[in-house]
Every structure is written in structure tokens, then in C-alpha cells.
Amino acid sequence: PKSQHILFERRSHTTEQHIVYRNFLWLDDRLLVIFDDVYCHEDDSVQFTLHFNGNYTQNGNAVDFIYEDCRARLISHFPDEMLLEEKQGHPDHEQETDQAYIELSTAEKKRAQLLIHTLELDNDRHETKYERLTGANAVGIRITENGVEREIWYNTMADGHIMHDNSNNILSGFDTDAYMLVLTRERPGSPVKALMICGSYLRRNTKVYISSFTKLTKETIVDEREAE
């Protein structure tokens, strides 16, 4: 299983208005996991816009797209409720025409918001299962496909605007101060591939797998039987 992580930081023209840390996890060349970590100067809603070709249908928290022979599905996992609205806008370099796009908005207005979405390509050819995860000061999703299980955790103690503070936490049995932690199991009982994102240590019970004086992104293999 392949995985890549990219982090973008975006600030408004007046930096007091809002700060967005957008995390992309690209999995197996067809599944995009999007974590939007947003901090606003005051209570506000957050909009997630998506431009597309073809047609779409909404089914609960999922939106299915069809364009010729291509299929894709967008799922909102967090927060609990997102409001969908279709709008019109100008395509690039075509100022005389309008094209539909969708806008997803958080129903609740808050200063700090976390949005988790998945965008899956060729969803009609794969059986992918999604589960929401919650823990002490942590949220995430579990993705299972063809026997491969991934847990993707977000440490709310280390969110974008306070990640320099003490963020020690326990994520799925691992002690870490990481911003995000991705755990991949190819089959039950197999070693775990752990991707620590913006963290300085990873430990399970008394066994230390990663230790650093600075926060970094690093991958390691964990044999959970050795760590018991």
C-alpha cells in the first residue's frame, strides 16, 4: 500500500481572520483524504468548494460524481453535519460562461473547525469501508479495503495553531506528540506501518520506535507482538 502526505498552510490577507492547515493523504493512487484544520478570529462557518465536470447526486453525507466513464465519491466524515449548495461560477479563462460547482458549509459556527473528507476515484469498482474514530483529544477515520486497514488519527492537542505546545497523547495505543498518525495493517497480526506526521517520538508500552529532538515526519515498522 502506498501513501503520501502533503501539508499546506493558508492565511487570509489579514492573518487574524483565519488560518487553514490543509493536509492531503494520497493513498494507493486513487484515494485522497483531506484534513482541513481551520482557526478563525471569531465564530464562523467554513466552506469547502469543489469544481467538477459531469453530474452529481447527493446521498446523505456522500456526493457521487459521474463524468463519461469516470466515477468518484466525496464523503464528509467530520463534522457531523455539512450543508450542500450548488452555485455557478466562471471556468478558467471563460469569463462569458457559467459552470456549476458545489459548496459544502459547516452547519455550526465555531472558532476552531476540523473537516475530514475523502475523495475516492473509481468507487464503483472497489468496496471501501469507512468508520469514524474518536478518542481522548483525538478523532480520525478507519479505511478498510481488500483486507488492508488504515487508521488515520488527528491529535487535537497538536492542532495547527497550538502544535508548539505540549501535545502528548495516546493514539490507538501509541504514545506520541504527533500532529497526525497513520497506521496501516495489511492483514490481522501483521506488522504495522506507522507514518508519524509532525511528531518527535513514537512509543508503544516501553519500546521506542522514533525519537527526535525536533518534530518531523517519519515512517517506521512496528511489530505489535514485540511491543506487548
Side-chain angles (χ1 to χ4, degrees), residues 3-10 18-27 31-40 43-48 60-63 73-84 104-120 128-145 148-185 192-204 215 217 219 222:
S3 61
Q4 293 179 301
H5 172 258
I6 300 174
L7 168 64
F8 291 95
E9 177 184 354
R10 181 190 181 280
H18 65 263
I19 304 172
V20 180
Y21 291 91
R22 168 159 277 193
N23 295 268
F24 293 105
L25 274 171
W26 180 235
L27 307 176
L31 178 59
L32 186 65
V33 183
I34 308 168
F35 279 66
D36 286 311
D37 176 8
V38 185
Y39 180 73
C40 305
D43 289 350
D44 203 352
S45 62
V46 176
Q47 290 77 42
F48 178 105
N61 66 336
V63 183
R73 172 173 292 167
L74 177 75
I75 301 178
S76 298
H77 301 278
F78 286 92
D80 293 329
E81 183 181 5
M82 295 287 289
L83 307 177
L84 184 146
L104 295 166
S105 302
T106 55
E108 186 178 0
K109 293 185 176 183
K110 297 192 301 184
R111 291 188 67 183
Q113 301 261 20
L114 175 66
L115 284 63
I116 303 179
H117 291 82
T118 52
L119 180 60
E120 182 181 2
T128 308
K129 180 181 178 182
Y130 299 94
E131 301 171 72
R132 285 165 48 118
L133 300 173
T134 57
N137 299 310
V139 297
I141 57 174
R142 179 185 290 116
I143 304 173
T144 306
E145 182 187 350
V148 178
E149 177 186 283
R150 286 188 175 94
E151 292 184 21
I152 306 172
W153 285 97
Y154 167 83
N155 182 3
T156 60
M157 299 285 287
D159 67 35
H161 63 284
I162 60 169
M163 62 171 60
H164 60 283
D165 287 344
N166 188 331
S167 56
N168 301 321
N169 208 340
I170 299 177
L171 306 177
S172 194
F174 288 87
D175 291 271
T176 186
D177 61 350
Y179 179 47
M180 295 175 64
L181 182 65
V182 183
L183 304 172
T184 302
R185 297 175 177 88
V192 177
K193 182 185 293 183
L195 174 62
M196 183 187 73
I197 298 170
C198 193
S200 65
Y201 72 93
L202 184 69
R203 184 177 66 243
R204 189 176 179 91
K215 287 197 171 186
T217 295
E219 191 173 70
V222 176

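Quick caveat, the model's predicted, so the values are computed rather than measured.
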Within this structure, what is the CD-CG distance for the pair Gln113 and Asp43, rounded to the nearest 0.5 Å?
8.5 Å
Distance in Å, Tyr39 OH paired with Tyr21 OH, rounded so as to fall on 0.5 Å steps
11.5 Å
Do the side chains of Leu181 and Leu202 get nearer than 4.5 Å, heavy atoms only?
yes
Please report the closest heavy-atom contact between Ala194 and Val222, naming both atoms and the distance.
CB-CG2, 4.3 Å
Please identify each residue that fulfils side-chain hydrogen bond (donor to acceptor under 3.5 Å, both in side chains) with Asn137, with sequence neighbours left out.
none
Is it true that Glu151 and Arg185 have a side-chain N and a carboxylate O under 4.0 angstrom from each other?
yes
Less than 4.5 Å apart, any side-chain heavy atom of Gln4 and any of Leu25?
no
side-chain contact (heavy atoms from CB on, under 4.5 Å) assessment of Thr118 paired with Thr128
CA-CA 11 Å; Thr118 52; Thr128 308; over 6 Å; no
Counting only N and O atoms by type, is there a donor-acceptor contact under 3.5 Å from the side chain of Asn155 to the main-chain atoms of Ser167?
yes
Steps toward side-chain contact (heavy atoms from CB on, under 4.5 Å) verdict (Asp36, Val46)
CA-CA 10 Å; Asp36 286 311; Val46 176; over 6 Å; no
Are the aromatic ring centres of Tyr179 and Tyr154 under 6.0 angstrom apart?
yes
Is there a side-chain contact between Phe174 and Leu183 (heavy atoms, below 4.5 Å)?
yes
Less than 4.5 Å apart, any side-chain heavy atom of Ile75 and any of Glu120?
no
pair Leu74-Leu104: side-chain heavy atoms closer than 4.5 Å
yes
Measure the CG-NE2 distance between Leu32 and His117 for me, rounded to the nearest 0.5 Å.
11.5 Å
Can you list everything that forms a ring-ring contact (aromatic ring centres under 6.0 Å, His included) with His5? Sequence neighbours excluded, please.
none
Do Asn168 and Asp175 come close enough that some side-chain heavy atom pair is under 4.5 Å?
no
Which distance, rounded to the nearest 0.5 Å, do you find between the CG of Asn23 and the CD1 of Ile152?
10.5 Å
Would the number of heavy atoms belonging to other residues, nucleotides or ligands and lying under 6.0 Å from CG of Leu133 be above 12?
yes
Looking only at heavy atoms, what is the nearest atom pair of Ser45 and Gln47, with distance?
OG-NE2, 3.0 Å
Please evaluate residues Arg150 and Val33 with respect to the criterion side-chain contact (heavy atoms from CB on, under 4.5 Å), reporting the C-alpha separation (whole Å), side-chain torsions for both, the decisive distance (0.1 Å), and the verdict.
CA-CA 12 Å; Arg150 286 188 175 94; Val33 183; over 6 Å; no
Taking atom CG of Asp80 and atom OG1 of Thr106, what is their separation to the nearest 0.5 Å?
12.0 Å
Output, in order, the C-alpha distance, side-chain angles, deciding distance and verdict of side-chain contact (heavy atoms from CB on, under 4.5 Å) for Ile34 and Leu115.
CA-CA 8 Å; Ile34 308 168; Leu115 284 63; over 6 Å; no
With rounding to the nearest 0.5 Å, note down the distance linking CG in Asn61 to NE2 in His77.
7.0 Å
Between Tyr130 and Arg142, is any side-chain donor less than 3.5 angstrom from a side-chain acceptor?
no
For Arg73, all residues meeting salt bridge (Lys or Arg N to Asp or Glu O under 4.0 Å), sequence neighbours excluded
Asp64
